[in-house]
Amino acid sequence: MVAIVKYGIIGVGMMGREHLINLYHLKSEGVSVVAIADPHLPSQKYAQKLADSFDWPLQVYAGHKQLLESGLCDVVVVSTPNMTHYEILMDIINHPKPHHVLVEKPLCTNVSDCKKVITAAKTRSDMVVQVGLEYRYMPPVAKLIDIVKEGALGQVKMVSIREHRFPFLVKVDNWNRFNCNTGGTLVEKCCHFFDLMRLFIGANPVRVMASGAMDLNHKDEVYDGRVPDIIDNAYVIVEFDNGCRGMLDLCMFAEGSKNEQEISVVGDTGKGEALVPESIVRWGTRAEGRNGVQTLLAEDKRIKYDGLHHGSSYLEHLQFLSAVRAKGEQAPAVDLHDGLVSVAIGVAAQLSIQKGRSVTIEEVMHEQLLQSTKS
């Protein structure tokens, strides 16, 4: 009989409760959520109500340290506001009892904190730490990744990702309205897409050029005397060390879109594209032209709960659980370095907009701009 893996969830706002529901649908895989931690009483109550409906008795804590000290959990999911990730991760890593960790994206809000977490985690070979960049598990995206890896498009040259969507949702205490809390829109939201660019291209980013602004959303909102400062649209170009380029087209006032994400990958012999949420994948070759384009509806029969991200969070948990059970024999699918680079590209893009010039990843990694951009 497979031993039950006991989970704790730190932060049970919208995403924390999404993790709770996904884990309930993984109950047959031998998992149980036994504890939650959140200082926000309404979030606690919502999570407790959910857990009661699943017949999962929970221990409830106001803070993550109490949850860690309880000794109840084998695994912790960190789904707190971005600016809290660093402190919580360091407390988990430095705790005597090992806890495997799935941390929501972004890993941290800045490069420096990401690097400190990576350094600390190197001392804990008894822990699996995975970053929640789950878009790679969306069935149409996963199918496109497979098509690229199979060589059907030849050598990848260009990746274009368009996200046209609704504005940022309301979160607890409106923390996601300010760059100081989120890392900026291109870190908070778009680390997903920079991660996908790296996956498709198979190389490292070297330079970022971006143009963006806060044109429509949140301008009439005021919180404690402050007006939000998060951009709502941008174009971002990322150059990679193998000569490839990626481009992000972000608009967060485009509710009239049939698809929220449209991903295009072009190689030297073919092109592929994935559409979300239609879940359509198309690909064809230069030789066969338009008449040779193939189309399929991407599905993954393993998914038992679609949730907020088209089943990708379910598949993420399934993979993470496999790594946990492998006891060091299986690396996490999305490791801390992946989390760092996705943040670094986002930081470089934010700085490019602020400074009106291209920004190298080397600059960001060495924090040469940090002092001049704190204001």
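We use all heavy atoms of the structure for the numbers below, so side chains are in, but hydrogens, waters and symmetry mates are not. Predicted, not measured: the structure shown is a model, and the values here were computed from it.
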* Side chain proximity check, Y86 to V117, heavy atoms < 4.5 angstrom -> yes
* Is the shortest heavy-atom distance from the side chain of L296 to the side chain of W283 under 4.5 Å? ->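 In contact.
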Using modelled atom types only, decide if a donor and an acceptor are shared between the side chain of [X] and the backbone of [Y] within a distance under 3.5 Å.
{"X": "E288", "Y": "T285", "value": "no"}
{"X": "S352", "Y": "R357", "value": "yes"}
{"X": "H100", "Y": "V128", "value": "yes"}
{"X": "D232", "Y": "F253", "value": "no"}
{"X": "R198", "Y": "P205", "value": "no"}
{"X": "N82", "Y": "T109", "value": "no"}
{"X": "S279", "Y": "A298", "value": "yes"}
{"X": "Q350", "Y": "T185", "value": "yes"}
{"X": "R207", "Y": "E239", "value": "no"}
{"X": "K115", "Y": "M365", "value": "yes"}

* To do: Show your reasoning for whether side-chain contact (heavy atoms from CB on, under 4.5 Å) applies to L308 and S313.
  => CA-CA 8 Å; L308 300 176; S313 294; over 6 Å; no
* Taking every non-hydrogen atom, the tightest pair across A47 and L20 ->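 Residues A47 and L20, closest heavy atoms: O-CD2, 3.7 Å.
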* Closest approach of C108 to V187 (non-hydrogen atoms, all atoms of both residues) -> O-CG1, 4.3 Å
* Asked: Does the side-chain contact (heavy atoms from CB on, under 4.5 Å) test come out yes or no for H19 and E316, once each step is laid out?
  -> CA-CA 10 Å; H19 284 295; E316 171 186 54; 4.1 Å; yes
Show the atom names and distances, to 0.1 Å, of all donor-acceptor pairs under 3.5 Å that link a side chain in residues 323-335 to residues at least two apart or in another chain.
{"residue": "R325", "atom": "NH1", "partner": "E29", "partner atom": "O", "Å": "2.9"}
{"residue": "R325", "atom": "NH2", "partner": "A3", "partner atom": "O", "Å": "3.0"}
{"residue": "R325", "atom": "NH2", "partner": "E29", "partner atom": "O", "Å": "3.2"}
{"residue": "R325", "atom": "NH2", "partner": "G30", "partner atom": "O", "Å": "3.1"}
{"residue": "Q330", "atom": "OE1", "partner": "S322", "partner atom": "OG", "Å": "3.0"}
{"residue": "Q330", "atom": "NE2", "partner": "S322", "partner atom": "OG", "Å": "3.4"}
{"residue": "D335", "atom": "OD1", "partner": "H337", "partner atom": "N", "Å": "3.1"}
{"residue": "D335", "atom": "OD1", "partner": "D338", "partner atom": "N", "Å": "2.9"}

With sequence neighbours excluded, what pairs up with [X] under the salt bridge (charged side-chain N to carboxylate O under 4.0 Å, His left out) test?
{"X": "E18", "value": "none"}
{"X": "D38", "value": "none"}
{"X": "R177", "value": "E221"}
{"X": "E273", "value": "R282"}

Pair up each side-chain donor or acceptor in residues 240-250 with any protein partner under 3.5 Å, not counting sequence neighbours, and list the distances.
{"residue": "D241", "atom": "OD1", "partner": "N204", "partner atom": "N", "Å": "3.3"}
{"residue": "N242", "atom": "OD1", "partner": "C244", "partner atom": "N", "Å": "3.1"}
{"residue": "D249", "atom": "OD1", "partner": "H164", "partner atom": "NE2", "Å": "3.0"}
{"residue": "D249", "atom": "OD2", "partner": "R162", "partner atom": "NE", "Å": "3.2"}
{"residue": "D249", "atom": "OD2", "partner": "H164", "partner atom": "NE2", "Å": "3.3"}

* Asked: Of L144, V276, V281, which meets side-chain contact (heavy atoms from CB on, under 4.5 Å) against I263?
  ->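 Of the listed options, the one satisfying the test is L144.
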* Does the side-chain contact (heavy atoms from CB on, under 4.5 Å) test come out yes or no for V34 and Q59, once each step is laid out? -> CA-CA 6 Å; V34 298; Q59 290 294 318; over 6 Å; no
* Pick one: which of K97, H64, H95 meets side chain to side chain donor-acceptor pair (under 3.5 Å) with E69? -> H95
* Step by step, would you call L107 with L89 a side-chain contact (heavy atoms from CB on, under 4.5 Å)? -> CA-CA 9 Å; L107 173 57; L89 286 170; 3.8 Å; yes
* To do: For S312 and H309, test the side chains for any donor-to-acceptor distance below 3.5 angstrom and give the result as yes or no.
  =>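 No, because no side-chain N or O of S312 sits under 3.5 Å from a partner of the opposite role on H309.
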* Taking atom types as modelled, find out whether E188 and N176 have a side-chain donor-acceptor pair closer than 3.5 angstrom. =>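 Note: E188 and N176 side chains miss the donor-acceptor criterion.
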* Asked: Which value, rounded to the nearest 0.5 Å, describes the distance between Y135 atom OH and D195 atom CG?
  ->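 Answer rounded to 0.5 Å: 11.5 Å.
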* Asked: Is there a path of hydrophobic side-chain contacts, each under 4.5 Å between heavy atoms of I, L, V, M, F, W or Y residues, that connects F168 with M14?
  -> no
* Asked: Is I36 reachable from L50 through a run of hydrophobic residues whose side-chain heavy atoms are each under 4.5 Å from the next?
  -> yes
